[in-house]
Number of protein chains: 2
Amino acid sequence: MSAPTRRERLRTSTLTEIKDEARRLLVTGGPDAISLRAIAREMGMTAPAIYRYFDSLDALVEALAGDLYIELSEIVSAAKHDAGDDPVTQIIAMARAFREWSVAHPAEFALILGSPLPGIVAFQESCDDADHPGVEFGRPFMETINALWLREQYPTPPRSLMEERLAAHLEPLRSGHGEEVPIEVAWAFLSGWTRLYGLVSMEVFHHLRWAVSDPGALFEMELHSYVGQFTGRSDKS
Amino acid sequence: MSAPTRRERLRTSTLTEIKDEARRLLVTGGPDAISLRAIAREMGMTAPAIYRYFDSLDALVEALAGDLYIELSEIVSAAKHDAGDDPVTQIIAMARAFREWSVAHPAEFALILGSPLPGIVAFQESCDDADHPGVEFGRPFMETINALWLREQYPTPPRSLMEERLAAHLEPLRSGHGEEVPIEVAWAFLSGWTRLYGLVSMEVFHHLRWAVSDPGALFEMELHSYVGQFTGRSDKS
DNA sequence: TTGCCATAGTTAACGGCGTTCATTCTCCTA
DNA sequence: TAGGAGAATGAACGCCGTTAACTATGGCAA
């Protein structure tokens with residue numbers, strides 16, 4: 001399994017060089033700036049040569065998106081790992097790591113978590129399989145919120161209501177994370193993830209400029225409010 | 001001020017035909033499918049003729065985005081108006097109207113509320129002026145949450161904490177909606193809006209497919225949870 | 001009524017793009 | 001050492017935004 005041949009080494013090296021150049025173009029000029037000709041030009045090649053490595057421009061962008069998903073997942077997981085054993089501390093660390101990466105890499109964030117480009121739609125569609133990057137990315141959040149639930153049962157909407165209205169539509173999540181996840185955990189995870197995503201993506205996409213001059217302050221306030229739900233501390237002033 | 005000349009009538013008619021065709025292309029083929037040549041082809045014209053009406057493709061897309069913002073704002077305002085006098089009912093109606101329009105018009109949603117395309121960035125930048133579509137869009141939400149606050153003081157993070165950490169960064173919002181808005185209202189508005197946006201945009205962008213088969217059920221559950229914060233009903237199961 | 005001119009529209013062209021095809025070169029292997 | 005697989009090339013096609021020069025035309029003033 002070791003000893004990659006010289007050809008293989010050259011091939012993977014070219015492959016990553018193409019993706020690196022694509023990312024550079026993404027960062028400097030937005031998603032539409034990623035072009036085979038520009039990549040090839042920058043690499044001292046001609047555009048058709050790239051077809052030896054990717055079936056199309058869309059396939060290249062899709063591969064790049066997969067890499068970025070993994071990069072972000074690893075950063076979030078590392079933040080959790082470095083945060084000690086307390087689930088609440090872990091959630092705070094993961095949320096902050098997610099925001100920091102997103103704000104530092106707006107173009108990358110837009111590619112994997114923004115409006116799906118027509119070419120990236122197929123990538124989204126393939127979310128059915130359990131080892132899709134999206135499921136993998138959500139896992140540490142889910143596990144932490146589950147650990148928290150085992151420790152103390154934080155408030156949620158009434159269980160009866162969730163069982164009646166929500167339970168039937170959670171089979172994709174449960175098939176990816178195990179059938180045994182309590183519905184309160186599923187809800188808390190989805191609720192928290194959508195809040196985190198909404199806040200961060202609005203900041204990254206500049207949809208908050210008209211309201212807030214320092215989105216980081218709003219983020220910390222929201223994080224405080226969200227975590228308060230778990231610590232049981234009253235929010236009354 | 002009335003009596004537009006014949007020339008003017010023809011001009012505005014062509015202008016809206018161009019934007020209509022651009023929207024049709026947006027819906028059928030995504031943002032990148034909007035092309036001057038395709039629009040002109042469909043209209044029985046040649047592409048350079050469009051430059052009599054718009055300075056560039058970007059300017060056209062920007063104008064279309066402005067129209068869509070107004071369309072969405074009017075729909076949300078109408079929903080509030082039709083919802084009677086109770087602020088809580090109004091909030092529910094506005095949130096549902098927002099989601100329904102977004103789900104029914106994913107391409108339009110992506111254009112105005114998704115990742116900012118390089119060309120649309122200038123549109124976002126101009127959010128400083130108080131009559132920007134974004135401020136106008138947020139107004140009915142803000143007013144309703146304010147009315148609610150006057151009726152009963154719902155729970156928020158501690159006022160002292162918000163004054164210390166958040167107040168200094170809210171001047172853009174306050175300059176658009178009046179200085180007198182209490183910080184609790186500003187927080188409740190921003191918190192609610194980011195939650196609504198996060199949930200809806202994840203649904204529209206198919207970022208929830210891996211977890212939930214019917215995002216509408218999750219939406220109603222979240223709405224229930226968010227509104228519960230105002231009605232003071234306990235969320236314990 | 002005549003003449004003019006702003007307005008709307010055209011054609012041609014430039015450079016950039018993804019993609020395909022036929023071709024060439026080069027390195028590894030049998 | 002001969003051959004074949006893999007890597008890269010150049011030319012071409014049909015898109016695209018944009019510019020420039022040119023033409024037709026409708027409305028208004030003399």
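Small disclaimer: the values here were computed from a predicted structure and weren't measured. Letters A, B, ... are given to chains in the order of the sequence lines, protein chains preceding strands, and every chain is numbered from 1.
- Note: B:W193 and B:F137 have perpendicular aromatic rings, judged against thresholds of 30 and 60 degrees for the angle between ring planes.
- You'll find the ring centres of B:F98 and B:Y197 outside the 6.0 Å limit.
- As judged by a 4.0 angstrom heavy-atom cut-off over every strand, B:F54 is placed among residues making no nucleic acid contact.
- Comparing A:R52 and A:A38 against DNA chain C, the residue whose closest nucleotide sits nearer the 5' end is A:A38.
- Atom CD1 of B:I39 and atom C1' of D:dG17 are 12 Å apart (whole Å).
- Residues B:S56 and A:G44 both approach DNA chain D. Their nearest nucleotides, taken by heavy-atom distance, put A:G44 toward the 5′ side.
- What separates CD of B:E8 from P of D:dG26 is a distance of 17 Å, to the nearest Å.
- If you find the closest nucleotide of DNA chain C to A:R41 and to A:D55, the one lying nearer the 5' end belongs to A:R41.
- Here the side chain of B:S115 pairs a donor or acceptor atom with the backbone of A:S115 at under 3.5 angstrom.
- Between B:W210 and A:H177, the angle of the ring planes lies from 30° to 60°, which puts this pair in the tilted group.
- Nucleotide C:dA8 holds its P atom 11 Å from the CE atom of B:M45, rounded to whole Å.
- In the interface, the side chain of A:R11 is not paired with the base of D:dG6 through any donor and acceptor atom under 3.5 Å apart.
- Atom-to-atom, CG of B:L60 to P of D:dG17 comes out at 10 Å; the value is rounded to the nearest Å.
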